[in-house]
Amino acid sequence: MDTDKPAKWPVPSVFMRVNLWFKSGMPELPEVEVTRRKIAPRLVGRVIAGVHTAPDSYFFLTKPPELKRRLVGRAVAGLERHGKYLVAALDDASRLLLHLGMTGQLFVQGSSSLRLLSSTSRATLKPEDQTAFTPDGHTHLRLAFEDGGPEVWFRDVRKFGKVLWIARGADDERLSRLGPDALTATGDLLWAASRGKTVAAKNLLLNQSVIAGVGNIYADEALFLSGVRPTRKAGKLTRKECDALAANIRKVMQRSIETGGSSISDYISPDGADGSYQDERQVYARKGQACRVCGTPIRKITLGQRGTHFCGVCQK
DNA sequence: ACCGCACCCTGAGCGC
DNA sequence: TGCGCTCAGGGTGCGG
């Protein structure tokens, strides 16, 4: 946050932190898992009575009219996570697939969170004036329930998120091609998947059919912790490096889930990045800052169209 | 088969 | 003050 300009309202430290989170808070596996844990108790066991949507867009892989037809009257039997996908099991054995994309927010009606406001509002609104979020044009899906309780809302500014209804017994390529979950990543898996591959190590980690759930932030972090340069050809990884990468992927994911869950009190984490893991980041969004291990400025390059951060000394 | 890259989208931030 | 530009990236799909 720019501290040179006077704020219209004294800015508490939490606001500054929120702004930092917003910059880098995109849903990867930990954010999706935290969202799942928070939303599941508010979803499972309830019967959908109404489906309200924003105008059709490519956000809807299943178009709104069909979505309404398929969902109304269904009870939610469970909420699972597959990589970065959330899958709600319905009582007729069909499924509702949700992906948060880059900016997706799944939360319960009545939530009030700074994250649901524009940065201007966050900076100027007095904390005591903050009220529960009301649906806006980015709120694409609202599920109402027969019990009359709070609705579950899906908001997504950039519409990179997805909603898809999957018929009973049907497979969906999005799910079936996912590799093992990142929380269970093993060196064996990475070793086998990387042999003979010329793709950059980072791009291998981002390939959801190899490991499901790794995104840009945690790929950079795991590579740093493993001492592997993101550009290294996957096929050149040693067995030990594969073991280290797998262990560090599990580590950063688990750590982020823990911190993500711990900082959420009375509202649902809307886009999942309310945790404090960003305080532990070693390289992501730290371009030019000193490596926490050797002091060398962190470098940033573009790899696979993604910002990629690494220490040129610690990562070989 | 594998790999690189364009594209979808909107808001923040910045230079002028 | 405001305009126009760049950047952010998950996943899909296509061309080489």
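Everything numeric here is computed off the predicted structure, so don't read it as measured data. Numbered from 1 within each chain, the chains take letters A, B, ... in sequence-line order. Worth knowing before you read on, the calculation uses all heavy atoms, side chains too, and leaves out hydrogens, waters and symmetry mates.
- Toward the 5' end of DNA chain B, the nearer of the two residues A/Val157 and A/Ala200, judged by each one's closest nucleotide, is A/Ala200.
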Stepwise ring-ring contact (aromatic ring centres under 6.0 Å, His included) check, A/Tyr284 with A/His309 = CA-CA 6 Å; A/Tyr284 186 83; A/His309 314 72; 4.8 Å; yes
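- In this structure the side chain of A/Leu183 reaches within 4.5 angstrom of the side chain of A/Ile257, judged on heavy atoms.
- Distance, A/Asp156 CG to C/dG10 C1': 11 Å, rounded to whole Å.
- In this structure, A/Gly307 reaches the sugar-phosphate backbone alone: every heavy-atom distance under 4.0 Å involves primed, P, OP1 or OP2 atoms, never a base.
- The phosphate of B/dC8 (OP1 or OP2) has no side-chain N or O of A/Lys159 nearer than 4.0 angstrom.
- Of the residues listed (A/Lys202, A/Arg229, A/Arg299), the one engaging A/Thr308 in a side chain to side chain donor-acceptor pair (under 3.5 Å) is A/Lys202, and it is the only one.
- Candidate nucleotides B/dC9, C/dG11, C/dG10 were compared by shortest atom distance to the side chain of A/Tyr85, and C/dG11 ranks first.
- Remark: P of C/dG10 and CG of A/Leu86 are 16 Å apart, rounded to the nearest angstrom.
- Distance CG (A/Asn207) to P (C/dG10): 13 Å, rounded to an integer number of Å.
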Apply side-chain contact (heavy atoms from CB on, under 4.5 Å) to A/Asp181 and A/Leu29, showing your working.
-> CA-CA 9 Å; A/Asp181 197 84; A/Leu29 182 153; 3.4 Å; yes
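- Closest approach to the A/Lys197 side chain among B/dC3, C/dG10, B/dC8 is made by B/dC3 (side chain taken as heavy atoms from C-beta onward).
- Axis orientation changes by 50° from one end of the helix from B/dC2-C/dG16 to B/dC16-C/dG2 to the other, with each end axis drawn from 5 pairs and the value rounded to 10°.
- Separating the OH atom of A/Tyr58 from the C1' atom of B/dC8 is a distance of 4 Å, rounded to the nearest angstrom.
- Summarising the geometry, the separation between CG on A/Asn203 and P on B/dA1 is reported as 20 Å, rounded to the nearest angstrom.
- Residues A/Val283 and A/Cys311 share a closest heavy-atom pair of CG1-N, 4.4 Å.
- In summary, the side chains of A/Ser226 and A/Asn248 do present a donor paired with an acceptor at a separation below 3.5 Å, with no hydrogens or angles considered.
- When distances are taken from the side chain of A/His138 to each of B/dC9, B/dT10, C/dG10, the shortest belongs to B/dT10.
- For the pair A/Phe59 and A/Gly161, the tightest heavy-atom approach, listed with the atom from each and the gap, is CD1-O, 3.4 Å.
- Distance alone, capped at 3.5 Å, is enough to place a donor-acceptor pair between the A/Thr259 side chain and the A/Arg255 backbone.
- Taking 4.0 angstrom as the limit, A/Gln208 places a side-chain polar atom (N or O) nearer than this to OP1 or OP2 of C/dG11.
- The nucleotide whose nearest atom lies closest to any side-chain atom of A/Gln305 is, among C/dG11, B/dC9, B/dC5, B/dC5.
- In this structure, CZ of A/Arg158 is placed 14 Å from P of C/dG11, rounded to the nearest angstrom.
- One interatomic measurement links the two molecules: NE2 of A/His309 to P of C/dC7, which rounds to 13 Å at whole-angstrom precision.
- What separates CD of A/Glu173 from P of C/dT12 is a distance of 10 Å, to the nearest Å.
- Of the candidate nucleotides B/dC9, C/dG11, C/dT12, C/dT12 has the atom lying nearest to any side-chain atom of A/Arg177.
- At a threshold of 4.0 angstrom between heavy atoms, the contacts of A/Thr198 are confined to the sugar-phosphate backbone, with no base atom among them.
- Nucleic acid contact for A/Lys162: none, since no nucleic acid atom lies under 4.0 Å from a heavy atom of the residue.
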